[in-house]
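Position 1 is the first residue of the sequence; numbering continues from there.
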Amino acid sequence: MAKKVIVIGAGASGLMAAGRAAERGYEVLLFDKNAKVGRKLMITGKGRCNLTNYCTDMSELMDNIPQNNRFLYSAFSNFMPSDIMAFYENLGVKLKVERGNRVFPVSDKASDIVDALKKYIDLNRVKFIKSDVKKILTKDQKATGIITKDGEKYLADAVVLASGGLSYPLTGSNGDGYEMAKKLGHHITDLRPSLIGLICTDGWLGDAAGLSLRNISIKITDREKNKKVYEDFGELLITHKGVSGPVILSASAHLKDMKTDKYEISIDLKPALSESKLDDRLLREINKNGQKEIKTVIASLVPSSLINVILKKCGLSGKEKCAVISKEIRKKIALNLKDFRLDVKDFCPIEEAVITRGGIDIKEINPKTMESKIVKDLYFTGEIIDVDGYTGGFNLTIAFATGNLAGISI
C-alpha cells in the first residue's frame, strides 16, 4: 500500500510539492479552504503571472533574494529558473521573456499556469479536498496527519505545510499556518509586509492618484542614518495615500524599522537630463514664452495632474508671466523636477502586500530537504518560510523551488 502524504495549501508551492510527491508513487491528499486551486496565482503579475526570472547564474539569483538567500541554495540547485520554464513548457504552456528577464506565459494569462499545475496534479492522481485544516497531528515528534475545522481526521506518513503568508487574505492566506507551526514548537520571526506600496504624509497625493510615472528614477534615504538605502529606475504609481508601482515594491524590501518620517523618497522626474541641461531647457522655454503663463512651461514637462503640485511646491499660482520668473524661481522648478521629495509615513496594510516578510525560522528547517528539524516528516514550502525575493518573478521561483525540493525529499 502506497504511503500517504498530506499537503496543506493549494498555492504555487503546495501544488508543486503535491505533484512531485505523487509523481514518486505516494498517495497525496491536497487540502485548501478554496474550492479551486491557485487562487493567489491567478492575480500575480496583474493577472499575467510572472512565474520566474530567467537568471542563468546562481549568484544573480541569490542577489535578488534579500532575506536568507543562502538557505535556498539547495532548493535552487535542484530547480533553477530554466528548470521551471522547462516544466511548464512540457505541460504545454508557451513562455516568453520580457524586460528584466521576467518570464510570462505567451498568452499573458495567469490561468494558463494554474491550469497547467491542475493538469499536473490530476495526471499524478493527487486528490484535492476543499477543507480548512485546523491542526497538524503529531506523535513522538513526528507528523502523523491533520484535523480539519469540520472535525475530520486524516492520517498520513508526511505532512507539507504550504499555507502561505498574510498577504491577500481573500485568496486564503490568512496566517493560520503560522499558528499551526507555532503550536508544534516552531519560532515565527517578525511578520512584516514586503513588496508593498508606501503611505506618504504629503497632502497633494489625492490630486494625482492613479498617475503612472514611467522612466523616472528614485532614491530613498534613511534620515536617521543620513544614508541612501535604495535607488532604482522604472515605473512609479501615485495612489490616493502614497506611492506604489514596480520601483516602490522593490524598494519596500529594503525598508526596516519603519516609522513616520524616517524615510524620504526623492523622485527624479527627468533622469535623462542633467541639472544644467534641464536648467538650459527651462531658460529657453521661459524666454520663448515671455507673455505666457508659467503654467504653460510646466505643462510641457510633467503630466497634467502634477502641474499644480509642482507649482505649489515652488510657491507659484501658475498665472505668473514667464517674463517675470526669476533665476531663483527657475532653479526651484528645476530642483523639484530633479528632486521631487515625499515623506514616508508607513507601509500600506500587510493584507495588500505581494508577499509577507518573516515566517518560520530557517534555523528550524533542513535546507537540503525542507523538513522540520523539530518535527520529523513535517515539511515547509513557500511564503510561510522566512525567505523572500524582489519583484520580477523571484518569489514564485522560491515557491516552485521549495515545493519541488519538499516533494522529492519526502
Quiz item: Is there a donor-acceptor contact under 3.5 Å from the side chain of K219 to the main chain of D339?
Solution: no
Self-check item: Minimum-distance pair of heavy atoms, taken over all atoms of I410 and A21
Solution: CD1-CB, 4.3 Å
Quiz item: For K262, does the NZ atom have more than 12 heavy-atom neighbours from other residues, nucleotides or ligands under 6.0 Å away?
Solution: yes
Practice problem: Any chance you could measure N395, atom CG, to I355, atom CD1, to the nearest 0.5 Å? | Solution: 4.0 Å
Exercise. Without swapping roles, check the side chain of N50 against the backbone of G393 for a donor-acceptor pair under 3.5 Å.
Key: yes
Quiz item: Got more than 12 heavy atoms from elsewhere within 6.0 Å of OH, Y73?
Solution: no
Quiz item: Shortest non-hydrogen contact from I113 to Y88?
Solution: CG2-CE2, 3.7 Å
Quiz item: Is it true that atom NZ of K295 has more than 12 heavy atoms of other residues, nucleotides or ligands lying nearer than 6.0 Å?
Solution: no
Exercise. Give the intermediate values and the outcome of side chain to side chain contact (heavy atoms under 4.5 Å, CB included) for residues L117 and I121.
Key: CA-CA 6 Å; L117 284 168; I121 64 169; 5.8 Å; no
Exercise. Report yes or no: does D57 contribute a side-chain atom to a donor-acceptor pair with the main-chain N or O of E60 at less than 3.5 Å?
Key: yes
Quiz item: Between D377 and K142, is the closest basic N to carboxylate O distance under 4.0 Å?
Solution: yes
Exercise. Kindly compute the distance separating CD1 (I325) from CG (L282), expressed to the nearest 0.5 Å.
Key: 10.5 Å
Quiz item: Does a donor on one side chain and an acceptor on the other come within less than 3.5 Å for T138 and Q141?
Solution: no
Quiz item: Are side-chain heavy atoms of C49 and L41 found at a separation under 4.5 Å?
Solution: yes
Quiz prompt | Contact summary for G359 and L191, nearest pair of heavy atoms | solution = N-CD2, 3.5 Å
Practice problem: Would you indicate whether the side-chain heavy atoms of I65 and F71 approach each other to under 4.5 Å? | Solution: no
Quiz item: How many angstroms lie between atom CD1 of I350 and atom OG1 of T356, to the nearest 0.5 angstrom?
Solution: 4.5 Å
Practice problem: Report yes if some heavy atom in the side chain of Y390 is under 4.5 Å from a heavy atom in the side chain of H254; otherwise report no. | Solution: yes
Self-check item: Option passing salt bridge (charged side-chain N to carboxylate O under 4.0 Å, His left out) with D108 (candidates K94, R48, K46, R102)
Solution: R48
Self-check item: Trace of the side chain to side chain contact (heavy atoms under 4.5 Å, CB included) decision for Y178 with I384
Solution: CA-CA 7 Å; Y178 297 125; I384 200 168; 3.7 Å; yes
Quiz prompt | Straight-line distance of M16 CE to L405 CG, nearest 0.5 Å | solution = 12.0 Å
Practice problem: Please check if atom NZ in K118 has more than 12 non-hydrogen atoms from other residues, nucleotides or ligands closer than 6.0 Å. | Solution: no
Quiz item: Under 3.5 Å, is there a donor-acceptor pair between the side chain of N69 and the main chain of M62?
Solution: yes
Quiz item: Can you find a pair of side-chain heavy atoms, one from T52 and one from F79, that are under 4.5 Å apart?
Solution: no
Exercise. Could you tell me whether K134 and D132 have a side-chain N and a carboxylate O separated by less than 4.0 Å?
Key: no
Quiz prompt | Exam field: side chain K345 to backbone L198, donor-acceptor pair closer than 3.5 Å | solution = no
Exercise. State whether the side chain of K319 and the backbone N or O of E293 hold a donor-acceptor pair below 3.5 Å, judged by distance alone.
Key: no
Quiz item: Quick check: does any side chain N or O of S266 sit under 3.5 Å from a backbone N or O of R341, one acting as donor and the other as acceptor?
Solution: no
Quiz item: At what distance, to the nearest 0.5 angstrom, does CZ of F380 lie from CD1 of I8?
Solution: 9.5 Å
Quiz item: Would you find a donor on one side and an acceptor on the other, under 3.5 Å apart, between the side chain of R125 and the backbone of A22?
Solution: no
Quiz prompt | D176 bridged to K33 by N-O distance under 4.0 Å | solution = yes
Quiz item: Mind checking whether V97 and M85 have side chains closer than 4.5 Å, heavy atoms only?
Solution: yes
Quiz item: Does D222 reach the side chain of Y263, with side-chain heavy atoms less than 4.5 Å apart?
Solution: yes
Self-check item: Salt bridge flag under 4.0 Å for residues E352 and K241
Solution: yes
Quiz item: Should we count NZ of K183 as having more than 12 external heavy atoms under 6.0 Å?
Solution: no
Practice problem: Report the relative orientation of the aromatic rings in Y120 and F87; use parallel for angles under 30°, tilted for 30 to 60°, perpendicular for over 60°. | Solution: perpendicular
Quiz item: What pair of heavy atoms forms the shortest contact from L184 to I374, and how long is it?
Solution: O-CG2, 3.6 Å
Quiz item: Under 3.5 Å, side chain of N68 to main-chain N/O of D386, donor-acceptor pair present?
Solution: yes
Quiz item: Which heavy atom of A299 sits nearest a heavy atom of I307, and at what distance?
Solution: CB-CD1, 3.6 Å
Quiz prompt | Enclosure of K256 NZ (heavy-atom neighbours >12, cutoff 6.0 Å) | solution = no
Quiz item: Does N34 offer a backbone N or O that forms a donor-acceptor pair with the side chain of D32 under 3.5 Å?
Solution: yes
Quiz item: Do we see a donor-acceptor contact under 3.5 Å between the side chains of E371 and S409?
Solution: no
Self-check item: Check ion pair D343-R223 (N to O, under 4.0 angstrom)
Solution: yes
Exercise. Would you mind telling me which of T402, V160, N404 makes a side chain to side chain contact (heavy atoms under 4.5 Å, CB included) with M370?
Key: T402
Practice problem: Identify the heavy atoms of L166 and G175 that sit nearest to each other, and give their distance. | Solution: CD2-CA, 3.5 Å
Exercise. Mind running side chain to side chain contact (heavy atoms under 4.5 Å, CB included) on L249 and S244 for me, showing each step along the way?
Key: CA-CA 6 Å; L249 297 185; S244 187; 3.9 Å; yes
Exercise. Check whether any side-chain heavy atom of T296 sits under 4.5 Å from a side-chain heavy atom of C322, and report yes or no.
Key: no
Quiz item: Should the heavy atoms of other residues, nucleotides or ligands under 6.0 Å from OH of Y54 be counted, would the total exceed 12?
Solution: no
Quiz prompt | Minimum side-chain heavy-atom gap L255-Y230 below 4.5 Å | solution = no
Quiz item: Less than 4.0 Å between a side-chain N and a carboxylate O, is that true for E328 and K331?
Solution: no
Quiz prompt | Working for side-chain hydrogen bond (donor to acceptor under 3.5 Å, both in side chains), residues S250 and T391 | solution = CA-CA 6 Å; S250 294; T391 185; 5.2 Å; no
Exercise. Mark yes when over 12 heavy atoms from residues, nucleotides or ligands other than K182 sit less than 6.0 Å from its NZ; otherwise mark no.
Key: no
Quiz item: What is the distance from atom CG of D112 to atom CG of L91, rounded to the nearest 0.5 Å?
Solution: 11.5 Å
